[in-house]
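This report refers to the structure that appears directly beneath it.
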Amino acid sequence: MANKYNEFLEQPSRDQSWRVALYIRLSKEDNEKGESYSVTSQREILLEYLKTHPEFELFDIYVDDGWSGTNFDRPDFKRMMDDVYEGKVNCIIVKDLSRFGRNYAETANFTENIFVRLKIRFIALNNAIDSFSDDMNSATKCITMGVQNVINESVAATTSVNIRGTLNVSRKQGKFIGSFACYGYKKDPADKHKLIIDEEAADVVRMIYKLFLEGKGILGIVKQLNALGIPNPAAYKKQQGLNYNHTSGVNNDGLWCDQTVRRILKNEMYIGNMVQGKNTTISYKIKQCRPVPKSDWIIVENTHEPIIDKDTFYKVQSLFKMDSFVRKSLLTDNVDLFSGLVKCADCGRAMSKKTNTFDYGTYSYYRCVTNNKKGMCFTHSIRIDKLEQAVLYTIKAMIKTALELEAFLMEVEERAKNNPETDIIQRTIDKKTEEIERYKKMSLSLYPDWKSGAITKEEYSQLKENIAEKIRELDGMVAELKKQRGNPENKNPKQNEFINHFLQYATIDKLTRPIVVELIDSILVHGNGNITINFKFKDAYEEAIEYIDEVKRLMLAEIA
C-alpha cells in the first residue's frame, strides 16, 4: 500500500470533481437508541446533503447494518476501501464520526493518515468536519476529530460493559441468548430465549450416544454418519435456512468429523441444562473469541426438555475420563468390550490388549506393559476369554444379591402396609418416644426433691445432666429411625439404584458393551491372575444392606 501512498504528495485541486461514497453503519446497540440512527434515516440525511452540493457526484452507497464500530472488518467498509484504492472514490461522507468507527486509534489512522496520503476528502456532517474545508486549520481539525474519536470510543466501551452485564443477568436466569441453538434444539417461536427440541436433529444426537455406549468408536460414528448422508450441524443449519457460518470456517463440505461428535457427547445442554458463557471476546475492540475456564461457565439446570437422560450422559462422561479408552475410540471404528476398564492392580495403569496366534488357534489377553516401558511393575496378564467368564459369573452373582435384597425389602414393606402393628421400625420409634417422656417426667421430679432437701444441689445438677444426656441420645435414635423409615431409597426396591440397575439384566447370558459400561467402574488384575471388580452403585448397595441389618436387629430385639 505504501507505493500507492507515495503517488499522492500534492493537495487535491479546488475545482476537481468529487466521486462520493456515502457510508452508513448501524450496530445492534445503536438500533436501540431510536429512529435517528436507523439506516433509512442516515441515507436520507446524506442524500439530502448531496442535493445542496452539486459539486458532489454519487458513486455508491455502502451500508454495514448490524456491525460494531469498534473494528473495521466490516464487509461494506472493506468494499468501499477497495473502491478507494482503485481510484473510483475520492470523497467519503458519513452522518457523524461514530458511524465511521468507534475505535480511536483505527479511526485516526484512516482520517489522519491513509485518507491524507490518498487525497481522500472526508466529511462528517454532524461534527462539522470537512478535511477539505478552509473553515478550520489542520491543528483544529486534528484536535476536534481526536476529541470526538475518544468520546466515540468511550461510548463503545461503556456500551460493551453494559451489554455484557445485561447478557450475564439473562444467562443466570436460564434464558438462551445465542444467535443459534445448539444442534438438536431450535428457538421457541413464542419466546426466542427458550429452546425446544428439533426432532430431526435430536434423533441424530440420540443415535450418537447409543452407538458410543454400544462400543462404537468416535471414528466409527463419524464414518457411519457420513455413510448415511446425514449433514453435519453447520450444513444442517444452512438447510434449515439459517444464515449460519461456523466460526472456525471448517466443515463447509457438510461432512462430520471427530471433534464435532466428541463435542456433542460432552455437551451438558442435552440433559436440559443451559450452558452459556463458554467463550468471550478479548475486548470490545478485538472481537476474536477466546475460551472461558469451565469453572466460569454459567450453567442453569433444568431449563429445557432433555434429549439425553442423565444416566446415559454420565455414563459417557465416565468413559471420557479413561485416557486409554478415549485414545482408542478416536483411532478405531469399534472399541473392545472392556476397553478403558482393565487396570493393573499394582501400578494402577490401564492394561494393553495383545493377541497371539499359534498353530492351534488365536487368543487375546490384557497385559501390563509398564514393566517393559519403565521397569516399574512386574508382568501381569489375563486372557480375555477367561476375563469374560469371570466378569459374567460375578455380575450374575450380584444380580442374585439384588434379587434377594428386593425380596426382603418388599416383604418388609408389604408387612408394614398390610398390618401397621408389624412395622418394626415404627414400633421401635414409639417405644423410644415413650422412654423420652418418662425421662422428662423424672427430670421434673428432681426439683421438688432438691427443694425438700432429699438431694443436694450437686446431686440435683448431676442427675439433671445425666437425664438430659439420655434424652439427647434417645432423640438421636428416634431421628435416625425416622430417617430410615422415611427414606424411599432404602425401603423401596424400585428406587434403589443398585437393585434397579442390576435387575434389568436378570436374564443376562452374554456380556455386551452397554452392560459392562453401566455396571462396572474398573477391573483390577492382580499378579496371581485374580481380579477385583469395582462395581458402580456401591453407596446404594451399602444403604440397602445397612437398612436390612437394622431391621433384622430390631426383629431380634423384639423376640428377646
Side-chain angles (χ1 to χ4, degrees), residues 212-215 217 314-329 332 334-358 361-405 497-542 544-545:
F212 190 73
L213 286 179
E214 288 176 350
Y314 288 115
K315 284 180 199 174
V316 169
Q317 305 321 302
S318 68
L319 290 174
F320 274 115
K321 294 177 181 178
M322 305 174 188
D323 291 341
S324 60
F325 171 78
V326 172
R327 289 195 298 271
K328 189 159 190 176
S329 70
T332 61
N334 297 285
V335 295
D336 297 322
L337 183 66
F338 299 114
S339 180
L341 298 171
V342 183
K343 299 179 181 179
C344 173
D346 291 294
C347 69
R349 295 177 179 270
M351 299 180 73
S352 297
K353 180 183 176 183
K354 306 289 182 181
T355 301
N356 285 344
T357 302
F358 300 96
T362 299
Y363 73 90
S364 299
Y365 60 98
Y366 281 106
R367 181 183 180 188
C368 178
V369 296
T370 306
N371 181 57
N372 294 342
K373 292 181 177 179
K374 298 184 178 180
M376 295 171 58
C377 189
F378 61 94
T379 302
H380 293 54
S381 65
I382 186 170
R383 283 180 51 158
I384 293 180
D385 56 344
K386 300 295 183 183
L387 179 62
E388 286 188 29
Q389 294 175 12
V391 171
L392 179 60
Y393 176 83
T394 308
I395 287 179
K396 286 184 175 181
M398 296 299 287
I399 292 172
K400 182 180 178 182
T401 300
L403 284 167
E404 293 172 352
L405 290 174
E497 280 192 323
F498 169 77
I499 295 174
N500 185 48
H501 281 273
F502 276 87
L503 286 191
Q504 65 179 314
Y505 301 115
T507 59
I508 182 177
D509 57 5
K510 182 181 179 181
L511 292 178
T512 64
R513 180 69 182 175
I515 294 175
V516 170
V517 169
E518 180 169 356
L519 302 181
I520 297 176
D521 185 62
S522 63
I523 302 171
L524 305 180
V525 179
H526 298 271
N528 59 5
N530 292 338
I531 64 171
T532 298
I533 302 176
N534 293 318
F535 286 101
K536 296 179 178 178
F537 320 111
K538 181 180 178 181
D539 290 343
Y541 170 78
E542 291 177 351
I545 294 297

* Asked: Short question: side chain of Arg513, backbone of Asp336 - any donor-acceptor pair under 3.5 Å?
  -> yes
* To do: Kindly indicate, with the supporting measurements, whether the criterion side-chain contact (heavy atoms from CB on, under 4.5 Å) is fulfilled by Cys368 and Met351.
  => CA-CA 5 Å; Cys368 178; Met351 299 180 73; 4.1 Å; yes
* Asked: Between Gly527 and Asp346, which heavy-atom pair has the shortest distance, and what is it?
  -> N-OD2, 4.2 Å
* Quick one: do Tyr366 and Ile523 satisfy side-chain contact (heavy atoms from CB on, under 4.5 Å)? Show the steps, please. => CA-CA 11 Å; Tyr366 281 106; Ile523 302 171; over 6 Å; no
* Check against side-chain contact (heavy atoms from CB on, under 4.5 Å), Phe498 and Met398 -> CA-CA 9 Å; Phe498 169 77; Met398 296 299 287; 3.5 Å; yes
* To do: Output all residues satisfying side chain to side chain contact (heavy atoms under 4.5 Å, CB included) with Thr507, sequence neighbours left out; order by chain, then residue number.
  => none
* Asked: Is there a donor-acceptor pair closer than 3.5 Å between any side-chain N or O of Glu404 and the backbone N or O of Thr401?
  -> no
* Approximate separation, where rounding is to 0.5 Å, of Thr355 OG1 and Ile384 CD1 -> 6.5 Å
* Asked: To the nearest 0.5 Å, what is the distance between CD1 (Ile508) and NZ (Lys396)?
  -> 7.5 Å
* **Lys386: side chain to side chain contact (heavy atoms under 4.5 Å, CB included) partners, not counting sequence neighbours** => Arg383, Gln389
* Where is the tightest heavy-atom contact between Ile531 and Ala390, given as atom of each residue plus distance? -> CD1-CB, 3.8 Å
* Asked: Can you find a heavy atom in the side chain of Pro514 that is under 4.5 Å from one in the side chain of Lys315?
  -> no
* Asked: To the nearest 0.5 Å, what is the distance between CG (Leu213) and CG (Leu319)?
  -> 6.5 Å
* Heavy-atom pair with the smallest gap, counting every atom of Gly529 and Ile382 -> O-CD1, 4.0 Å
Taking distance alone, no hydrogens or angles, what donor-acceptor pairs closer than 3.5 Å link side-chain atoms of residues 534-542 to residues at least two apart or in another chain?
from	atom 1	to	atom 2	distance (Å)
Asn534	ND2	Ser522	OG	3.0
Lys536	NZ	Val517	O	2.7

* **Heavy-atom side-chain proximity of Ile395 to Ile520 below 4.5 angstrom** => yes
* To do: Kindly give the heavy-atom pair with the smallest separation between Asp521 and Leu341, and that separation in Å.
  => O-CD2, 3.6 Å
* Structure fact -> Tightest non-hydrogen contact, residues Ile515 and Lys510, listed as CD1-O, 4.0 Å
* Might you point out which heavy atoms bring Tyr505 and Ile399 nearest each other, and give the distance in Å? => O-CD1, 3.0 Å
